[in-house]
Number of protein chains: 2
Amino acid sequence: MTEPPGRRERKKAATRQKIADAALRLFLERGYDAVGIRDIAAEADVAVTTLFSHFASKEALVFEQDQDFEQRLTQAVADRGPHEPLIPALRREIHALVRHCTADSAAPIWRMIDASPALRQYEESMRLRHADSLATSIAADLGLPQTTTACRTIARFVIDAYSLAREAPDPDAAMDEIFPMIEAAWEVVCPIPAPTGDRSRPR
Amino acid sequence: MTEPPGRRERKKAATRQKIADAALRLFLERGYDAVGIRDIAAEADVAVTTLFSHFASKEALVFEQDQDFEQRLTQAVADRGPHEPLIPALRREIHALVRHCTADSAAPIWRMIDASPALRQYEESMRLRHADSLATSIAADLGLPQTTTACRTIARFVIDAYSLAREAPDPDAAMDEIFPMIEAAWEVVCPIPAPTGDRSRPR
DNA sequence: TTGTGAAACCCTAACCGTTAGGGTTACGGT
DNA sequence: ACCGTAACCCTAACGGTTAGGGTTTCACAA
């Protein structure tokens, strides 16, 4: 399925990594605002234009692995057990993501992000995209021909949960408070069937 | 209470308005991206530095009246009737705001906003601020000493409702779908008291 | 093997939003 | 009438980003 990548693609990936590493190192050393694009390019020993052919913006250098986030959410919907209801599956995944970025090792990065308005704003718009693709994924899972308002709504709520929990002083407690609210909202759309002889897949 | 403004303040307000008008005119004429700050300043016959002393950024020229938005939401919470529950009051206000910006007269502006990533991103971060102050307002209304996770959550949900309804093909239908979900989420936090002899203010 | 097209990369020069620095005018209060 | 300062102006720059146009390096096939 995946061919062994040729020299070309390996070099490209190496360049990308070299840039990302240099950027992160400088950012943590001197602070996001104190590091210029030209500094990063010099440190990574590439041209500025090369840097921008790998990353769309300075902010994107910080959120290098954001496709992960998107994929993990959509897969949490698609790959869950055949009888697992939607919201708990999303809750597990969001919980894992929050724990991942509130870990001690990630703390300096998130401190930097929280300190920079530009980065916060960028993250916001990233989340909007994530909510959109989550909504699509949920609609597909429900067998809908297109994303409905309810799908979009619940997707937003779930993304809100991530961002609120991440910023909360006690992320676990925040999760425990937010997700029951999301559950309730979801039940308005897909009422849980009474535990009678109903064998259909829970929503 | 409000003194008649002196010549100075009148001139300042006039300058601000002149800039905003020039900007809007040019934006609608040529498109947001095709108009430079220097163009706007020239059209308004002011220096670039003057423009930036009235507006914090190019995007802010488009969202001139955003403090309105924030105030109307917080006031919808604070100024509602003494027995009106929280969510319906917010629903009314959001509905009015959505109708206001989906009116035909506002259509070209919002088409422009939707077409520009920079403007969409700016609006997003505006909304985050609005959600924060709405959360504060809700917490105050509930007599809480500080904003809790539940307040922040419901505030986000309400702001989401605004943005989802605004973008929906049928904003009214979207409102009818989203707000029952928010009601349900809110009931998890503040269960509606049974309609017995309970005379306390509904939440 | 060698030729060829394209991808990755480089450099220079600019564009555009935004800000610093430092000046002038005109209003408001004394 | 005077002074402080708010509003305004100009010039020059900074920093992210892109256009234009060139060179190297790889993948693939003739």
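Quick note on labels: first sequence line is chain A, next is B, and so on, each numbered from 1.
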Item to check | Interatomic distance, B/Glu84 atom CD to B/Leu90 atom CG [nearest 0.5 angstrom] | outcome: 9.0 Å
Checklist entry - Closest approach of A/Ile178 and A/Ala161, non-hydrogen atoms and distance? => result CG2-CB, 3.8 Å
Item to check | Residues which pass side chain to side chain contact (heavy atoms under 4.5 Å, CB included) with A/Gln146, listed by chain and number, not counting sequence neighbours | outcome: none
Next on the checklist: I'd like to check the side chain to side chain contact (heavy atoms under 4.5 Å, CB included) partners of B/Ala184; sequence neighbours left out, ordered by chain and number.
Outcome noted: A/Ala184, A/Val188
Checklist entry - How about A/His130 and A/Asp66: does a side-chain donor come under 3.5 Å of a side-chain acceptor? => result no
Item to check | Closest non-hydrogen atom pair, B/Lys18 against B/Ala44 | outcome: CE-O, 3.3 Å
Checklist outcome for this item: Counted 5' to 3', the first and last nucleotides of DNA chain C within 4.0 Å (strictly under) of a heavy-atom of chain B are C/dC16 to C/dG28
Next on the checklist: Do A/Gln75 and A/Glu93 have side chains that approach each other closer than 4.5 Å (heavy atoms only, starting at C-beta)?
Outcome noted: no
Checklist entry - Could you give the distance from CG (B/Asp79) to OG1 (B/Thr74), rounded to the nearest 0.5 Å? => result 8.0 Å
Item to check | Residues A/Arg16, A/Asp21: salt bridge by 4.0 Å N-O rule | outcome: no
Checklist outcome for this item: Closest non-hydrogen contact found for A/Arg80 with A/Pro85 is NH1-C, 3.7 Å
Next on the checklist: Test of understanding: with salt bridge (Lys or Arg N to Asp or Glu O under 4.0 Å), list the residues that count as partners of B/Arg127, not counting sequence neighbours.
Outcome noted: B/Glu123, B/Glu124
Checklist entry - Hey, can you pull the residues of residues 57-65 of chain A with a non-hydrogen atom under 4.0 angstrom from DNA chain D? => result A/Ser57, A/Lys58
Checklist entry - Which residues pass the ring-ring contact (aromatic ring centres under 6.0 Å, His included) test with B/Tyr162, sequence neighbours left out? => result B/Phe69
Checklist entry - Of the residues in residues 12-19 of chain B, which ones touch DNA chain D at a heavy-atom distance under 4.0 Å? => result B/Lys12, B/Thr15
Checklist entry - For B/His54 and D/dC8, is the shortest distance between a side-chain N/O and OP1 or OP2 below 4.0 Å? => result yes
Item to check | DNA chain D contacts made by residues 33-49 of chain A, counting heavy atoms under 4.0 Å | outcome: A/Val35, A/Gly36, A/Ile37, A/Arg38, A/Val48, A/Thr49
Item to check | For B/Tyr122, ring-ring contact (aromatic ring centres under 6.0 Å, His included) partners two or more places apart | outcome: B/Phe63
Checklist entry - So do the side chains of B/Arg99 and B/Pro171 get within less than 4.5 Å of each other, counting heavy atoms only? => result no
Checklist entry - With the sugar-phosphate defined as primed atoms, P, OP1 and OP2, and the base as all remaining atoms, what B/S/- string results for nucleotides 24-30 of chain D, 5' to 3', for protein heavy atoms under 4.0 Å? => result -BBS---
Item to check | Non-hydrogen atoms of B/Ile182 and B/Phe157 that approach each other most closely | outcome: CD1-O, 3.6 Å
Checklist entry - Is B/Lys58 positioned over the aromatic face of B/Tyr32, cation under 6.0 angstrom from the ring centre and no more than 45 degrees off axis? => result yes
Next on the checklist: What residues from residues 109-122 of chain A pass a heavy-atom cutoff of under 4.0 Å to DNA chain D?
Outcome noted: none
Next on the checklist: Suppose we screen for side-chain hydrogen bond (donor to acceptor under 3.5 Å, both in side chains). Which residues come up paired with A/Asp170, at least two apart in sequence or across chains?
Outcome noted: none
